[in-house]
Amino acid sequence: MQERQRLEGVWKEFQRWMPMEQIFRLSFLLAFAWYYGDRKVILSSSGAMTLDTLEKSLSDIQGYDVRVAIRRQAENVNWQMLEKQEVYRLLVEELDIFSEYYEHGGIPRKMFSILLDLAGTGGKYAVTPPDVRKLTADLLGGRKVRKLADLCCGGAGLGLELWDRLRQRNPEISFHGEDCDRDLCDMACLHYYAYGVPAGEIEENDVLAIPDPGENQMYDMIVMDVPRGRNITEEFDYRDPRLPFFSKKKIYTDWIFIQDALYRLNRDGTAAVIVTAGALIRKNEEKLREQIIVNDWLEAVITLPNNLYPKDHTGTELLIFNKNKYRKGKTIFIDISRYCRQTGRNFSEISEEGIRLAEKSFWKFEEISEVSAVCDQKQIAENGYSFKPIQYIRHEGEMEPGTGIRLGDIAQIVRGAQVLKKTDQRDDGDAYFINIKDIQNNQVLYEQADRVIRQSSVCKEKFRIRQDDILLTSKGTILKAAVISEEPPESYISGNITLIRIDQKKYDPYVLFEYLISAQGQIALERIQSGTTIRILSNANLQELMVPDYKLISMKKIGEQLKKNQVTYYRELREAEKRFTKEKNRLLEELEDLR
């Protein structure tokens, strides 16, 4: 859209003079006033724009809440900055963009969405991305709803887009928005006015505060994009009526948000809650997930691509709850994390194919290979009430559930030493200390590793690397692995590495290694990872990992050939690198002689 591109260019120039918060507030007020106000009085006779001229242009606006929101926002604009020639030039340029947009039939609510998205891209506000709003509205927009609420609404983009879709079938639908940020409530109020919502309100309220049971308002549908960066642990308060089945000392706030939505839904209500992946699997809130499954309230979980939110690269999950499901006892798990297109540096959006697959799976409750799986309550219970879609969706070539051999029955699994003291690190140290950075292309690069003295606390026998050991990174966003095919120099693993030492009377290490780095093995490892931003492979989960079972004698023969092949490959690779470096140096010397 050309208006967005032009505004983006103006905002980049604006940022030389004003912080993003001021740019967004001023732009929102200008876009509102240029459509709803008297354009003749927005600028004074001298051509200046002031608080007084803005308020005069909007003097006929109806609605107390809207007028208060305008006044509050206008009073927070640094009007003195507009007296600067460069800033005023940009102001006029923005007004020209708004004028052309409205004259060509543009409507304010779409312009406000552009401004909110620009503010989100700039990192000022965590705005629900347009593709996530569209997907949510597509999935839920055909339901019968009389009372809709957008909790933690921000600028209310998600809730209002869904309201606009729902009102086609529900003409008497009301809208309620809430946020703890007064500034965002004001923006939501103007946005709400632009949509022409006939019934409802925007309220300043902190969802994390314990509600008064006597004042609980019930809704037919609730949407909530759990605020990014607010997911911390809090002391559990036994007085909280939303958490009757919780008994731990601490609780992550994302589950207070989720429970608040469920608490405020009526008995036939639906909720869509956007969270990060940790909420699906953390042991701390397992009892809460269990109760949701027992109540049969979980309709769908959809894993979305990473990097949808600017400056936040954690995974995104869309949870859909329904207190009166049509398909009793069933939940559909959908994974469209691979279906994305990059729109900027470390910034992506859901592809059209991803949206189509999610909608097809959800509407038809259809299992699609590598995309979706329909599960009953027993299957979810067997997986520790995990809501993580990848644990249920099967991929081509995978082992059947319940088959194979348990890794803990064939191997010793050791997590490395946790801390390396500065005094232990020496350039002339006796041994190598291997960390994540030292594993590259399925091999250990000892030359770049830290050196330590043998007297160090990390130099314990259980941490020492031996021939035929497998190393796995136990932390990080990317899984790395290596198998030690030749006798290594004296080396020890860090706390970010897990060592797997195979009992070779039961299994072959090279066959296991090839499985772990295969597509099927990577999926199996991803299923047992925990953590949101930093993925973690725990020893306990690795113990339970099921790996393919083969006839031992035949497996050992193939394993010997795999080891021989690997040794040959790396030897020839090193020799080729030496020849390459030697020949390059010779040619450079020859070039130098030509001077």
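All values below were derived from every heavy atom in this structure, side-chain atoms included, with hydrogens, water molecules and symmetry-related copies excluded. Since we're looking at a predicted model, the values are computed, not measured.
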*asked:* Heavy-atom count check: over 12 atoms from other residues, nucleotides or ligands less than 6.0 Å from K287 NZ?
replied: no

*Keeping the roles fixed (side chain from T136, backbone from V132), state whether a donor-acceptor pair exists under 3.5 Å.*
yes

_Could you check whether Y432 and D438, counting side-chain N and O atoms only, form a donor-acceptor pair closer than 3.5 Å?_
no

*If you measure from the Lys or Arg side-chain nitrogens to the Asp or Glu carboxylate oxygens, is any gap between E560 and K563 under 4.0 Å?*
no

*asked:* Counting only heavy atoms from other residues, nucleotides and ligands, does the tally under 6.0 Å from CZ of R406 exceed 12?
replied: yes

*Atom CG in L562, atom NZ in K557: separation rounded to 0.5 Å?*
14.5 Å

*asked:* With a 4.5 Å cut-off on side-chain heavy atoms, are V207 and C152 touching?
replied: yes

*What is the distance from atom CD1 of I434 to atom CG of L471, rounded to the nearest 0.5 Å?*
8.0 Å

*Only counting residues at least two apart or in another chain, list the ones meeting ring pair (Phe, Tyr, Trp, His ring centres under 6.0 Å) with Y570.*
none

*State whether the side chain of E299 and the backbone N or O of F321 hold a donor-acceptor pair below 3.5 Å, judged by distance alone.*
no

*Taking the side chain from D179 and the backbone from D181, do they hold a donor-acceptor pair closer than 3.5 Å?*
yes

_Donor-acceptor check, side chain of D430 to backbone of R454, threshold 3.5 angstrom: yes or no?_
yes

*For D225 and Y309, does a side-chain donor sit closer than 3.5 Å to a side-chain acceptor?*
yes

*So how far is it from T303 OG1 to F333 CZ, rounded to the nearest 0.5 Å?*
9.5 Å

*asked:* Side chains of V414 and R501, heavy atoms from C-beta outward: is any pair under 4.5 Å?
replied: no

*Under 3.5 Å, side chain of N585 to main-chain N/O of T581, donor-acceptor pair present?*
yes

*Give a yes or no on this: more than 12 heavy atoms of other residues, nucleotides or ligands lie within 6.0 Å of atom CG of D593.*
yes

Which atom pairs, one a donor and one an acceptor, fall under 3.5 Å between side chains of residues 246-261 and the rest of the protein, sequence neighbours left out?
{"from": "K250", "atom 1": "NZ", "to": "E235", "atom 2": "OE2", "distance (Å)": "2.6"}
{"from": "T253", "atom 1": "OG1", "to": "R230", "atom 2": "O", "distance (Å)": "2.6"}
{"from": "T253", "atom 1": "OG1", "to": "I232", "atom 2": "N", "distance (Å)": "3.1"}
{"from": "T253", "atom 1": "OG1", "to": "I232", "atom 2": "O", "distance (Å)": "3.4"}
{"from": "D254", "atom 1": "OD1", "to": "R282", "atom 2": "NH2", "distance (Å)": "2.6"}
{"from": "D254", "atom 1": "OD2", "to": "N231", "atom 2": "ND2", "distance (Å)": "3.1"}
{"from": "D254", "atom 1": "OD2", "to": "R282", "atom 2": "NH2", "distance (Å)": "2.9"}
{"from": "W255", "atom 1": "NE1", "to": "A279", "atom 2": "O", "distance (Å)": "2.9"}
{"from": "Q259", "atom 1": "NE2", "to": "R242", "atom 2": "O", "distance (Å)": "3.0"}
{"from": "D260", "atom 1": "OD1", "to": "R242", "atom 2": "NH1", "distance (Å)": "2.8"}
{"from": "D260", "atom 1": "OD2", "to": "R264", "atom 2": "NH1", "distance (Å)": "2.9"}

*Do you see a donor-acceptor pair shorter than 3.5 Å between the side chains of R415 and S474?*
yes

*Could you pull out all residues at least two apart from R338 that satisfy side chain to side chain donor-acceptor pair (under 3.5 Å)?*
none

*Considering only NZ, NE, NH1 and NH2 on the basic side and carboxylate oxygens on the acidic side, decide whether R586 and E589 come within less than 4.0 Å.*
no

_Looking at A277, is its backbone amide N or carbonyl O close enough to the side chain of E317 to form a donor-acceptor pair, meaning the two atoms are under 3.5 Å apart?_
no

*Decide, yes or no, whether a salt bridge links R466 with E461 under the criterion of side-chain N to carboxylate O below 4.0 Å.*
yes

_With heavy-atom distances below 4.5 Å as the criterion, would you say the side chains of S361 and V371 are in contact?_
yes

_Spacing of I493 atom CD1 and R464 atom CZ [to the nearest 0.5 Å]_ = 13.0 Å

_Test item: side-chain donor near acceptor, Q448 and Y446, under 3.5 Å_ = no

*Hey, is CD1 on I553 packed in by over 12 heavy atoms from elsewhere, all under 6.0 Å?*
no

*asked:* Distance check, rounded to the nearest 0.5 Å: L280 atom CG versus S386 atom OG?
replied: 6.5 Å

*Nearest-0.5 Å distance, CD of residue Q443 to CD of residue E486*: 10.0 Å

*Check the side chains of S494 and N435 for a donor-acceptor pair under 3.5 angstrom, ignoring hydrogens and angles.*
yes

